[in-house]
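Only one structure is covered here, and it is reproduced in the block below.
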Amino acid sequence: PPQTPIRAAMTSIQMLRVDLTSSGDQPSTNLATYFKHCTVDPTQDVLKRLEMLGQVFSQRFGQAAGPHCVVNGRQRFTLGVGLYYKVMEAMLKSEEKRLSVQNFSKLLNHSTFHTSLLACALEVVMATYGESSFKNGGFNGGGGDTAETGVCFPWILDVFNLAAFDFYKLIESFIKAEPTLSKDIVKHLETCENLIMERIAWRTGSPLFDLLKQEHEGGAAEQVETPAS
Amino acid sequence: SHDYHFGLEEHEGISELFDCD
């Protein structure tokens with residue numbers, strides 16, 4: 001029978017849990033092999049970063065959704081880590097094929113790459129649970145009827161102190177690396193992209209300005225427009 | 001099943017996007 005929105009959400013949550021619980025919240029053997037092939041093995045940094053970000057995420061999730069949700073926050077984070085490892089492995093496999101390289105030391109020791117990837121994975125988990133949704137009204141999540149709307153995008157960027165542009169850079173590769181994402185979740189990530197491009201990326205201090213300046217100094221043929229105030 | 005518009009070129013992957021090529 002046709003699925004009601006609630007039934008559809010329950011199904012996608014169930015699929016996410018089954019899919020990610022089986023892969024666990026540790027690096028797979030393949031992923032550990034990529035780590036070992038690095039000139040500098042990133043394993044300890046990855047684990048330390050996850051420990052630190054896990055505490056920040058759970059605490060902020062509790063603040064945003066209510067103290068009774070700290071456990072939910074921890075559960076969301078565990079699922080997010082499972083997706084983070086899964087997508088990372090898929091990305092490295094595709095990069096290995098594309099570049100004929102096995103040593104990803106630079107990328108895997110790039111803190112922003114890891115933080116962005118984890119943020120994107122957590123955004124997918126929260127969107128799957130309906131906690132990060134644009135349906136309840138607008139950019140700031142509006143006054144939705146679920147307590148968790150306080151974690152609507154771009155909440156995760158603030159929690160991880162992550163530049164929107166760095167999150168943006170990851171989205172397309174994330175979608176490409178995880179073909180099992182549902183239509184709704186892809187749509188959600190696309191809306192995040194649009195929000196970033198329309199507003200957030202142009203905030204003061206965004207790395208986008210540096211990039212534009214580099215392009216300009218790099219002698220790009222056409223004159224670069226100064227960013228709108 | 002989705003209609004996401006992929007825009008990255010063949011020579012643009014996650015390594016280039018994070019300046020690790």
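Per chain, numbering begins at 1; letters A, B, ... match sequence-line order. Note that the structure is predicted; figures quoted are calculated from it, not measured.
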Exercise. Using a heavy-atom distance cut-off of less than 4.5 Å, which residues of residues 109-127 of chain A contact chain B?
Worked result: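 Checking residues 109-127 of chain A against chain B gives A:His110, A:Thr112, A:Phe113, A:Ser116.
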For this session: Can you establish whether the number of heavy atoms outside A:Met10 located under 6.0 Å from its atom CE is more than 12?
Result: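 Check fails, neighbour count at 12 or below.
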For this session: Please report the shortest heavy-atom distance between A:Asp166 and B:Phe18, naming the atom on each side.
Result: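 Nearest pair, atom of A:Asp166 first, then B:Phe18: O-CZ, 3.8 Å.
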Problem set entry | Electrostatic pair B:Glu12-A:Lys169, nearest N-O below 4.0 angstrom |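 A salt bridge is absent here (no side-chain N lies under 4.0 Å from a carboxylate O).
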Heavy-atom distance under 4.5 Å to chain B: side chain of [X], backbone, both or neither?
X        : result
A:Glu172 : both
A:Leu99  : side chain
A:Lys187 : neither

Problem set entry | B:Leu17 vs A:Leu170 side-chain heavy atoms within contact, under 4.5 Å |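 No; the side chains remain at least 4.5 Å from each other.
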Exercise. Is the shortest heavy-atom distance from the side chain of A:Leu189 to the side chain of B:Tyr4 under 4.5 Å?
Worked result: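 No - every pair of side-chain heavy atoms lies 4.5 Å or more apart.
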Problem set entry | Contact origin within B:Glu10 toward chain A - heavy atom pairs under 4.5 Å |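 Backbone plus side chain of B:Glu10, per the 4.5 Å heavy-atom cut-off to chain A.
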Exercise. From B:Ser15 OG over to A:Glu96 CD, what is the distance, rounded to the nearest 0.5 angstrom?
Worked result: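 Answer for the OG-CD pair, B:Ser15 versus A:Glu96, is 11.5 Å.
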Problem set entry | From B:Ile14 atom CD1 to A:Phe104 atom CZ, the distance as rounded to the nearest 0.5 Å |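 One gets 11.5 Å once the value is rounded to the nearest 0.5 Å.
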For this session: Under 4.5 Å, counting heavy-atom pairs only, tell me which of A:Lys106, A:Arg98, A:Glu190 racks up the most with chain B.
Result: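 Going by pairs under 4.5 Å, I would pick A:Arg98.
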